[in-house]
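Below: one structure, written as structure tokens.
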Number of protein chains: 2
Amino acid sequence: MKTQKSTRATMDDVLGYQLVQASIATNKAFHSEVGKPFDLRPVEFTLLQLVRETPDISPTRLAKILSVTTPGITAWIDKLSSRALLIRSKSKADGRAQHLKLTTKGSRLVDEALQKLLVSDAQLMSHLTAGEQLMLLELLGKFSGARQSKL
Amino acid sequence: MKTQKSTRATMDDVLGYQLVQASIATNKAFHSEVGKPFDLRPVEFTLLQLVRETPDISPTRLAKILSVTTPGITAWIDKLSSRALLIRSKSKADGRAQHLKLTTKGSRLVDEALQKLLVSDAQLMSHLTAGEQLMLLELLGKFSGARQSKL
DNA sequence: TATTGTTATACTCTATAACTATA
DNA sequence: TATAGTTATAGAGTATAACAATA
């Protein structure tokens, strides 16, 4: 444990740096456990899982949550759609908007991937106590909560 | 606070997702407070600060810490070097290796940027208690500690 | 006028392979 | 043989602008 007191600040004191360092670990694990075997990018997996959690969600809303541009979200949805993992349908209420839904194939795939990922997370965090693991997720969630509520 | 119990897992339970969401916030803040005004990418800022913390560090070691390829680190160092923010010098002990040092200009710039960043972090985390802020950084550090020690 | 979504395009960043020079 | 660093190059990803269709 580092007690910083009056010493000069280092990168360890910078939140963004700690997030990047932590992400390096999770990204590598994602790639070997999910990315490679399921042929999914992190964004693709997240997109699928979010559609699963929120059926009929629109591309625009996904773009905001994922902090991706609208051309970006179109491209990702194109890719996933061409793999028959999700389906676009026109909104009846608003002719401009679309609703997204997972196919059975997409649903199965993201479900398997999610399980792999949870196991992987447990391994990555195994040097933290159970309480610390929960606390870490809680605090990250609370930190991002402010942003989420503005979407 | 979410108590998950036996409900199905969501993205909120995935560490990598929480890290990405948190990073979206810090990245935006970095860009407006440091990236734009100082014309620095996150990697560039981190690279400079790490050289500052560890004078004579080698490009290879930086590449490992930042999880960047060696061609990648060469390119970043080239850029920063051409802006006269750091200097390469050949190692006397090992003819292949290099030592990196910040110039006065580089040192001043990264110092100013770091201060801006710490203020920005405080604002971003202002909806967490002081204890939670410390805890978040502590836990992220502990999580990444295992990886760091393997470098 | 504002919003949803698409297309086109340029740019940044990354990743791989092949090379040099030192050890 | 292995390591430090560079060069060249292809590919993935992102961002901007311009557009069509609907509200």
Side-chain angles (χ1 to χ4, degrees), chain A residues 16 20 23-24 27-28 30-32 34-36 38-48 50-51 54 56-83 86-101 151, chain B residues 16 20 23-24 27-28 30-32 35-36 38-47 50-51 54 56-83 86-101 151:
Chain A
V20 167
S23 296
I24 290 172
N27 285 341
K28 282 183 181 164
F30 178 90
H31 182 257
S32 63
V34 175
K36 197 88 190 288
F38 294 90
D39 190 22
L40 281 180
R41 295 271 157 195
V43 211
E44 294 179 306
F45 167 74
T46 306
L47 197 161
L48 288 175
L50 288 176
V51 172
T54 318
D56 287 336
I57 193 171
S58 72
T60 298
R61 182 148 172 66
L62 278 175
K64 281 176 187 157
I65 294 173
L66 298 170
S67 196
V68 163
T69 58
T70 49
I73 210 71
T74 298
W76 288 120
I77 294 173
D78 280 351
K79 257 194 175 177
L80 295 170
S81 170
S82 74
R83 286 175 65 182
L86 56 71
I87 307 178
R88 276 189 256 237
S89 61
K90 272 205 165 184
S91 167
K92 286 166 189 171
D94 185 336
R96 301 166 298 180
Q98 297 176 358
H99 294 318
L100 301 175
K101 266 194 178 60
L151 299 182
Chain B
V20 167
S23 296
I24 290 173
N27 285 341
K28 282 183 181 165
F30 178 90
H31 182 256
S32 63
K36 197 87 189 285
F38 295 89
D39 190 22
L40 281 180
R41 296 268 159 197
V43 212
E44 294 179 305
F45 167 74
T46 306
L47 197 161
L50 288 176
V51 172
T54 318
D56 287 336
I57 193 171
S58 70
T60 299
R61 180 145 174 67
L62 278 177
K64 282 176 187 157
I65 294 173
L66 298 171
S67 195
V68 164
T69 58
T70 49
I73 209 70
T74 298
W76 289 119
I77 293 173
D78 280 349
K79 257 194 174 178
L80 295 170
S81 169
S82 74
R83 286 175 65 183
L86 56 72
I87 306 177
R88 277 189 256 236
S89 60
K90 272 204 166 185
S91 167
K92 286 167 189 171
D94 184 336
R96 300 167 298 181
Q98 297 177 358
H99 294 317
L100 301 174
K101 267 196 178 59
L151 300 182

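Proteins come first, then strands; the chains are lettered A, B, ... in the order of their sequence lines, and each starts at number 1.
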Name every donor-acceptor pair, under 3.5 Å, that has one atom in a side chain of residues 62-69 of chain A and the other anywhere in the protein, sequence neighbours excluded.
from	atom 1	to	atom 2	distance (Å)
A:T69	OG1	A:G72	N	3.3

Using residues 90-98 of chain B as the side-chain source, report each donor-acceptor pair under 3.5 Å to any protein atom, sequence neighbours left out, with the distance given to one decimal.
from	atom 1	to	atom 2	distance (Å)
B:S91	OG	B:A93	N	3.2
B:S91	OG	B:D94	N	3.1
B:D94	OD1	B:R96	N	2.9
B:D94	OD1	B:R96	NE	3.2
B:D94	OD2	B:R96	NH2	3.0

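A sub-4.0 Å separation between OP1 or OP2 of D:dT6 and a side-chain N or O of B:R88 is present. At the phosphate of C:dT6, OP1 or OP2 sits under 4.0 Å from a side-chain N or O atom of A:T74. Contact annotation: A:T60 reaches the phosphate of C:dG5 (side-chain N/O to OP1 or OP2, under 4.0 Å).
With contacts defined as side-chain heavy-atom distances shorter than 4.5 Å, the pair B:F45/B:F38 does not qualify. Residues B:I73 and B:L47 have side chains in contact (heavy-atom distance under 4.5 Å, counting atoms from C-beta outward).
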## Note on the structure
Protein heavy-atom contacts under 4.0 Å, written 5' to 3' over nucleotides 8-16 of chain D as B (base), S (sugar-phosphate only) or - (none), form the string B---SSSSB
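As rounded to whole Å, 8 Å separates atom P of C:dG5 from atom CD1 of A:I77. Taking atom CG of B:L62 as the reference point, atom P of D:dT3 lies 19 Å away to the nearest angstrom. Atom CG in B:D78 sits roughly 6 Å away from atom P in D:dT6 (whole-Å rounding). Remark: P of C:dT14 and CD1 of A:I24 are 11 Å apart, rounded to the nearest angstrom. One interatomic measurement links the two molecules: CD1 of A:I73 to P of C:dT4, which rounds to 14 Å at whole-angstrom precision. The distance between atom NZ of A:K28 and atom P of C:dA15, rounded to the nearest whole Å, is 10 Å. Here the C1' atom of nucleotide C:dC13 and the CG atom of B:L66 are 14 Å apart, to the nearest Å. Protein atom CD of A:Q98 is 15 Å distant from nucleotide atom P of D:dA21, rounded to whole Å.
The side chain to side chain contact (heavy atoms under 4.5 Å, CB included) check on B:K79 picks up B:E44, B:W76, with sequence neighbours excluded. Remark: B:K101 engages B:D56 in a salt bridge (charged side-chain N to carboxylate O under 4.0 Å, His left out) (not counting sequence neighbours). Listed by chain and residue number, B:D78 satisfy the side-chain hydrogen bond (donor to acceptor under 3.5 Å, both in side chains) test with B:R88 (two or more places apart in sequence, or in another chain). Under the side chain to side chain contact (heavy atoms under 4.5 Å, CB included) criterion, B:S23 pairs with A:L19, A:S23, B:T26, B:N27, not counting sequence neighbours.
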For nucleotides 21-23 of chain C, which of its nitrogen or oxygen atoms have a protein nitrogen or oxygen under 3.5 Å away, and what is each distance?
from	atom 1	to	atom 2	distance (Å)
C:dT22	O3'	B:G95	N	3.4
C:dA23	OP1	B:G95	N	2.8

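Under a cut-off of 6.0 angstrom, the local environment of CZ in A:R83 is crowded, with over 12 non-hydrogen atoms contributed by other residues, nucleotides or ligands.
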